[in-house]
Amino acid sequence: MTWLDFLEAADIDWRHATKDDLTAYRDAYLGAVSPQTGQEYSPNTVRTRMVYIVNFINFAVEQDWIDSDLRAGSRMLPPRRHRPIDSDALAHIRKGAPPVVEEAAASAVRLNKLLPKAGQDDTVRVLRREELNALLGWAGPRPSERTPEDGGSDRDYIVFALGWAVGLRVQEVADVPVLPFLEMVPNPQFLGEFFKLSVRGKGNKTRPVDVPAWLVIDIQAYIDGERRRALHKRGRNARESQLILNSEHSTRTGRPMTKAAMQALMERACERAGLMMQNERVNPETGEVAVTPVPRFSMHCLRHTYAVMTYHNQIKSEYSNLDAWKYIQEQLGHKSPQTTINTYLKHLSTWADVRQARSLLEVLGR
């Protein structure tokens with residue numbers, strides 16, 4: 001049911017709707033069952049659809065289409081009117097933003113708080129050796145070893161590697177800066193060496209993480225190759241501080257790649273690499289069962305895979321770190337080692353055959 005359908009059923013004129021009405025719509029949606037899946041709508045789905053409603057309301061208020069500022073939550077509240085800034089000769093001396101801008105910004109924040117929080121699939125899925133190799137095989141050879149005849153993408157390889165070889169969250173991958181890699185000087189003879197990189201994680205907190213030398217070499221090849229071509233196609237003087245950019249074949253070439261685009265990339269890679277599973281959905285009205293193929297893994301699964309691979313590599317390496325869990329906890333940005341242990345202890349058998357190796361690249365057999 002759409003927002004307008006909901007208001008019509010409640011006999012409410014959409015121009016007079018209040019914040020309480022929007023809250024009731026949200027709660028009704030969260031408790032409803034989808035006819036496609038036979039399950040309740042997820043908070044993610046409800047949030048996505050409500051974002052469009054909130055944006056429309058914000059726009060309608062700014063255009064004076066409705067006689068109540070729904071964002072303030074009171075019915076029949078006369079809208080505040082202000083002179084357009086281009087007709088106010090003294091606007092440039094007034095302190096702060098124009099009142100209408102301040103009011104709109106504040107009330108928009110209040111309305112956004114009504115959106116249900118996005119849920120997250122907390123299921124821990126660890127890619128096995130053959131599955132990770134299939135994923136990387138789709139992305140193509142390592143950027144530092146790629147030839148013009150090879151397929152795949154340097155950028156896609158780097159996106160995946162920052163997950164399975166460094167343990168970054170997908171948003172952290174999107175936020176990785178390019179400048180630190182321009183200053184690193186890796187030695188091809190010591191691929192097991194690590195370079196420190198500061199990343200911004202949850203709560204806007206920063207932490208240092210280890211990036212292996214072999215990956216630094218690949219990242220620098222990406223910077224000098226695909227990334228440079230994408231920026232050149234975007235414009236002669238284009239500059240971006242983020243490492244990962246949309247490719248030269250994208251409609252947004254040379255601009256930062258978003259978290260959503262990286263998730264879509266993973267879904268596409270799973271489909272092409274055959275990493276799919278069957279998901280059964282029941283139509284509650286007809287009882288018919290539809291089987292739909294869905295990706296087996298998400299970008300976050302690469303982070304899970306990193307944790308398990310690193311544990312085995314740490315405890316079996318000749319340079320063994322006796323407190324492997326502590327190292328992984330710091331690398332992942334968990335609050336305590338216990339959180340890391342509780343999350344991954346039961347999944348260690350996935351990579352139990354790991355032998356002594358200088359880096360995760362060798363663990364993978366590449």
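- Residues Leu332 and Tyr344 come closest through the heavy atom pair CD1-CE1, 3.8 Å.
- Salt-bridge check for Arg268 with Glu271: failed, with every basic side-chain N at 4.0 Å or more from each acidic carboxylate O.
- Inspection of the Asp5 and Thr2 side chains reveals an N or O donor paired with an N or O acceptor under 3.5 Å.
- Counting heavy atoms from C-beta on, the side chains of Phe181 and Val176 come closer than 4.5 Å.
- Arg155 contributes no side-chain N or O that, together with a main-chain N or O of Glu226, makes up a donor-acceptor pair within less than 3.5 Å.
- Electrostatic pairing of Asp224 and Arg228 counts as a salt bridge here, judged by a charged N lying under 4.0 Å from a carboxylate O.
- Ion pairing between a basic and an acidic side chain is recognised when a charged N comes within 4.0 Å of a carboxylate O; Arg207 and Glu172 show such pairing.
- For the 3.5 Å distance criterion, the side chains of Arg200 and Asn204 qualify, holding a donor opposite an acceptor.
- A donor atom on one side chain and an acceptor atom on the other are not found under 3.5 Å apart for Asn246 and Thr253.
- Rounded to the nearest 0.5 Å, atoms CG (Leu162) and CG (Leu302) are 10.0 Å apart.
- His347 contributes atom NE2, which lies 10.5 Å from atom OG1 of Thr305 (distance to the nearest 0.5 angstrom).
- For Asp27 (side chain) and Ala24 (main-chain N/O), no donor-acceptor pair under 3.5 Å exists by modelled atom type.
- At a threshold of 4.5 Å between non-hydrogen side-chain atoms, the residues His300 and Met266 do not count as touching.
- Between Arg227 and Gln242, the closest heavy-atom pair is NH2-O, 2.6 Å.
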May I have the step-by-step check of ring pair (Phe, Tyr, Trp, His ring centres under 6.0 Å) for Trp14 and Phe56, ending in yes or no? CA-CA 12 Å; Trp14 70 274; Phe56 171 74; 5.7 Å; yes
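- Using modelled atom types and a 3.5 Å distance limit, the side chains of Asn313 and Thr310 yield no donor-acceptor pair.
- A side-chain donor from one of Gln171 and Asp175 sits under 3.5 Å from a side-chain acceptor of the other.
- Taking the six-membered ring for Trp and thresholds of 30 and 60 degrees, Tyr29 and Tyr25 have ring planes more than 60 degrees apart, a perpendicular arrangement.
- Of all the heavy atoms in Pro212 and Val166, the pair that sits closest is CD-CG2, 4.3 Å.
- With contacts defined as side-chain heavy-atom distances shorter than 4.5 Å, the pair Asp210/Lys196 qualifies.
- In this structure, Glu248 pairs ionically with Arg229, as a charged nitrogen and a carboxylate oxygen lie closer than 4.0 Å.
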